[in-house]
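Sequence lines set the chain letters: A, B, ... in the order given, protein chains first and strands last, and positions in each chain run from 1. The structure displayed is predicted, hence computed values, not measured ones.
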Amino acid sequence: MKKLDKKDLRKGWLYWAMYHLSSMSFEKLEAHGFAHSMIPILNKLYKGNPEEYKKALKRHSVFYNTEPQSGSLVNGIVASLEEEKANGKEIDDEMFHSVKTGIMGPIAGIGDSTIQGIIIPILLTIGMGISSNGNPLGVFVYIIGYLAIILSLSYFLYFRGYHLGVNAVDGLIGANSERLRNAFSVLGTLVIGGLAASFVHLTTPLKIPNGDATIELQKTLDGFFPGLLSLLAVLFCWYLISKKKYSGTKVLLILVAFSIIGVLLHVF
Amino acid sequence: MDFVLLIQAFLIGVFCYLGSVSSPWLMGVSGGYYVVGRPLVAGLIVGLILGDITTGIILGVAVQAAFIATISTGGTQNSEITYAAYGGIALGILTKADTGVTVTLSVGIGALGLILHNVMMVTNSAWNKRADRAAEAGDARGIILNNSFYPQIVNFLLRVVPVALAIYFGQEFVTKALDVIPGDVTQIMNVLGGLLPALGIALLMNLLIKDKFQLIFFLAGFVIIAFIVKNMIALTVIASLIAYVIYLGAGSSNHTEIEDEVI
């Protein structure tokens, strides 16, 4: 009976946590990072069986791509499958491939939207709020907050994957997690609204003649809706991206043109 | 030759490397790309190296706003965030540029950086082939070397050399350029610097808002900061409360569905 101990698994997690993208290329992405992370596992399981060892290295060197931090779950699951296989269970290469490619998509979807879409922007926003006058405290809040959350999550998911095997996915894509993610996306949406109000700046120097005096348009706007122009700018970009399906680069070019024309016409 | 500046420029280049997406040394993307690679953190580090922490952080916050929604996978990038952060903030401090000018400068440097990043992705194909051969031979050491060590030499050179040179020689160039370019151009950069965060935020909204009615949450967040309290921590607490109420609400409706089925 071959059994992975905590030390092998910790190494497997650590190698994945470090080397997931270290040889990223357009066609292989995290393929060799995955193989690299399996080495401590395979060293233990296929010791004295070079044929199986070779086969295992080969089957984990194929294209692989997911959100790496939450994706540690997959590495844990695959470690448990390798352990079963080393103990005589019939698991062919096809099975490994279908488990990996079947889970990497959903994990990337959930991981990217939760980590890059919610956790990072919220923490950054808090850090930027504290640091906006040059105070380093906000930077440390971000660094410590992010590392504490993400490293414990990644470690926890790896071991969860190992202990539950393929069943580990259910908890992550089930109804309750859907409900949790919806609540988190509300949290994220509220916070980025505040982020827009804090960091998007669009004001106009236009003055409207009013008899002898002139009215500064910006002051009038601020009087009934502070930051209205900034809000309109964000909604315009969102409209182009989500409704018109414009790429980020295209919107960037539109903003450049908009700034040039606006300044030359003295509207901004 | 200004040795102090050369050493500072080199150090900034090293951090640009450590914060790159494929650098493994700070726990992969966790401590690298998503921490050291963020402009907010780069502002502190560059500020420390150049001896002006306050300006560094202020510029870091401004550049971070433009890159608030850098989505590294799936979406197309138009600017490589780590080159943008380290090159842009360093030149911003050295040339005493306005925040708007620094942000625009960063985005430009990031666009050039993206080309170098893609060069690394292409050269990595060669290391990938060697790693494949190592796997076929059952050579674990070969996989480790070709996955982590060799590609990182290329990555290191592609980051440290251009960033250090850009900072070392760019200082004079950018200072002169800012002196001679007309006021309108500076104003355009300032307007664009204020607008760029709108693009990042719109990309984030696209990721989070699945139903147009959810736009109300975005508007609420905007209005709370614009009208009521200019404090993100206060907003985060209020937002957490609202999210929790919604979570509880969604739970009770699930419950009734189950009960209905039982009946």
Under a 3.5 Å distance rule, please check whether A:His32 uses its side chain to pair with a backbone N or O of B:Trp127 as donor and acceptor. no
Any donor-acceptor N/O pair, A:Glu27 side chain to B:Ser125 backbone, under 3.5 Å: no
Going by ring pair (Phe, Tyr, Trp, His ring centres under 6.0 Å), name the residues that satisfy it together with A:Tyr15, two or more places apart in sequence or in a different chain. A:His36
Any non-hydrogen side-chain atom of [X] less than 4.5 Å from a side-chain atom of [Y]?
X        : Y        : answer
A:Met128 : B:Ile68  : yes
A:Ile143 : B:Arg38  : no
B:Ile57  : A:Asn135 : no
B:Met121 : A:Lys28  : no
A:Ile241 : B:Leu199 : yes

For the candidates [options], which exhibits the highest count of non-hydrogen atom pairs separated by less than 4.5 Å from chain B?
options                              : value
A:Asn133, A:Leu29, A:Ile150, A:Leu42 : A:Asn133
A:Ala17, A:Ser242, A:Gly129          : A:Ala17
A:Asn43, A:Ile115, A:Leu147          : A:Leu147
A:Ser131, A:Ser132, A:Ala233         : A:Ser131
A:Gly138, A:Gly127, A:Pro136         : A:Pro136
A:Val251, A:Leu255, A:Ile130         : A:Leu255

Does atom OH of A:Tyr46 have more than 12 heavy-atom neighbours from other groups under 6.0 Å away? yes
Over 12 foreign heavy atoms within 6.0 Å of CZ, B:Phe15: no
Is it the side chain or the backbone of [X] that comes within 4.5 Å of chain B heavy atoms, both, or neither?
X        : result
A:Leu187 : both
A:Leu195 : both
A:Ile260 : both
A:Tyr142 : side chain
A:Leu151 : side chain
A:Leu264 : side chain
A:Tyr146 : side chain
A:Leu240 : neither
A:Leu123 : neither

Selection from [options] maximising heavy-atom pairs under 4.5 Å formed with chain A:
options                                : answer
B:Gly43, B:Gly47, B:Ala62, B:Ala135    : B:Ala135
B:Met205, B:Lys212, B:Lys230, B:Gln187 : B:Met205
B:Asn146, B:Thr236, B:Asp139, B:Ile238 : B:Thr236
B:Leu192, B:Ile246, B:Leu44, B:Val245  : B:Leu192
B:Thr54, B:Ile58, B:Leu235, B:Ile188   : B:Ile188
B:Asn128, B:Leu195, B:Asn206           : B:Asn128

Let me know if [X] has heavy atoms under 4.5 Å from chain A in its side chain, its backbone, both or neither.
X        : answer
B:Leu26  : neither
B:Lys210 : neither
B:Ile209 : side chain

Are A:Lys58 and B:Asp132 close enough, and set up right, to give a salt bridge (charged side-chain N to carboxylate O under 4.0 Å, His left out), and what steps lead you there? CA-CA 7 Å; A:Lys58 237 175 104 176; B:Asp132 266 334; over 6 Å; no
Would A:Ser23 and B:Asn124 count as having a side-chain donor-acceptor pair, cut-off 3.5 Å? no
Please determine, by modelled atom types, if A:Gln69 and B:Ser30 share a side-chain donor-acceptor pair under 3.5 angstrom. yes
Heavy-atom closest contact ([X] atom, [Y] atom, distance):
X        : Y        : value
B:Ala140 : A:Leu57  : N-CD1, 4.2 Å
A:Ala183 : B:Ala243 : O-CB, 3.3 Å
A:Ser198 : B:Ile225 : OG-CG2, 3.6 Å
A:Ile192 : B:Phe218 : O-CE1, 3.8 Å
B:Ala202 : A:Val234 : CB-O, 4.2 Å
B:Ile143 : A:Ala35  : CG2-CB, 4.2 Å

Does A:Arg179 make a cation-pi contact with B:Tyr247, if we ask for NZ or CZ under 6.0 Å from the ring centre and within 45° of the axis? yes
Could you pull out all residues at least two apart from B:Ser20 that satisfy side chain to side chain donor-acceptor pair (under 3.5 Å)? B:Asn155
Check side chain to side chain contact (heavy atoms under 4.5 Å, CB included) between B:Val223 and all other residues, then give those that pass, not counting sequence neighbours. A:Phe225, B:Phe227
Check step by step if side chain to side chain contact (heavy atoms under 4.5 Å, CB included) holds for B:Tyr34 and A:Gln116. CA-CA 9 Å; B:Tyr34 290 132; A:Gln116 301 194 69; 3.2 Å; yes
Side chain to side chain contact (heavy atoms under 4.5 Å, CB included) assessment of A:Phe26 paired with B:Asn118: CA-CA 9 Å; A:Phe26 288 105; B:Asn118 287 341; 3.5 Å; yes
Is there any residue in residues 47-55 of chain A with a non-hydrogen atom under 4.5 Å from a non-hydrogen atom of chain B, and which ones are they? A:Tyr53, A:Lys54
